[in-house]
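What follows is a single structure, written as structure tokens, with notes after it.
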Amino acid sequence: MPEPGSKEYDKQRARRRKEAERGGVPDRHANEEANESLRQDPHWRSSGPRTERGRGPKGERPEGG
């Protein structure tokens, strides 16, 4: 699954931005709309940290992860 900031994510955001512009969304709002649509889509949402270290200090980690 592509993560935010990855090349695949950026390509998809550019496609959605272009679709929004073609749909009549003003240029200055098209990027925000593309980002919001990607955040809503479960396939493109961040899956969170992939390593124990990425989850933060051991004493501050949420339980059950």
Side-chain angles (χ1 to χ4, degrees):
M1 187 172 327
E3 294 284 327
S6 70
K7 185 173 182 175
E8 281 300 312
Y9 186 90
D10 288 344
K11 287 186 340 189
Q12 185 64 27
R13 184 174 44 82
R15 285 186 192 115
R16 291 191 186 202
R17 179 191 162 108
K18 193 167 283 199
E19 288 172 10
E21 287 175 351
R22 287 184 188 138
V25 176
D27 187 40
R28 63 178 177 251
H29 299 295
N31 201 38
E32 295 167 12
E33 187 167 308
N35 283 333
E36 186 60 33
S37 71
L38 285 171
R39 280 189 217 114
Q40 303 267 335
D41 189 340
H43 177 74
W44 295 97
R45 247 187 254 151
S46 175
S47 60
R50 290 181 242 169
T51 64
E52 286 295 310
R53 184 178 180 139
R55 292 179 55 216
K58 191 168 187 173
E60 297 175 16
R61 293 181 192 161
E63 295 298 320

May I ask you to decide whether R15 forms a salt bridge with E19, counting only side-chain N to carboxylate O separations under 4.0 Å?
no
Would you give the length of the straight line joining atom OG of S37 to atom CZ of R17, rounded to the nearest 0.5 angstrom?
12.5 Å
Applying side-chain hydrogen bond (donor to acceptor under 3.5 Å, both in side chains) to K11 and not counting sequence neighbours gives E8
Please evaluate residues R13 and N31 with respect to the criterion side chain to side chain contact (heavy atoms under 4.5 Å, CB included), reporting the C-alpha separation (whole Å), side-chain torsions for both, the decisive distance (0.1 Å), and the verdict.
CA-CA 8 Å; R13 184 174 44 82; N31 201 38; 3.2 Å; yes
Intermediate values then yes/no, side chain to side chain contact (heavy atoms under 4.5 Å, CB included), H29 and E32:
CA-CA 5 Å; H29 299 295; E32 295 167 12; 3.8 Å; yes
Of all heavy-atom pairs linking L38 and Y9, the shortest is CB-OH, 3.6 Å
Contact summary for E33 and A20, nearest pair of heavy atoms
OE2-CB, 3.9 Å
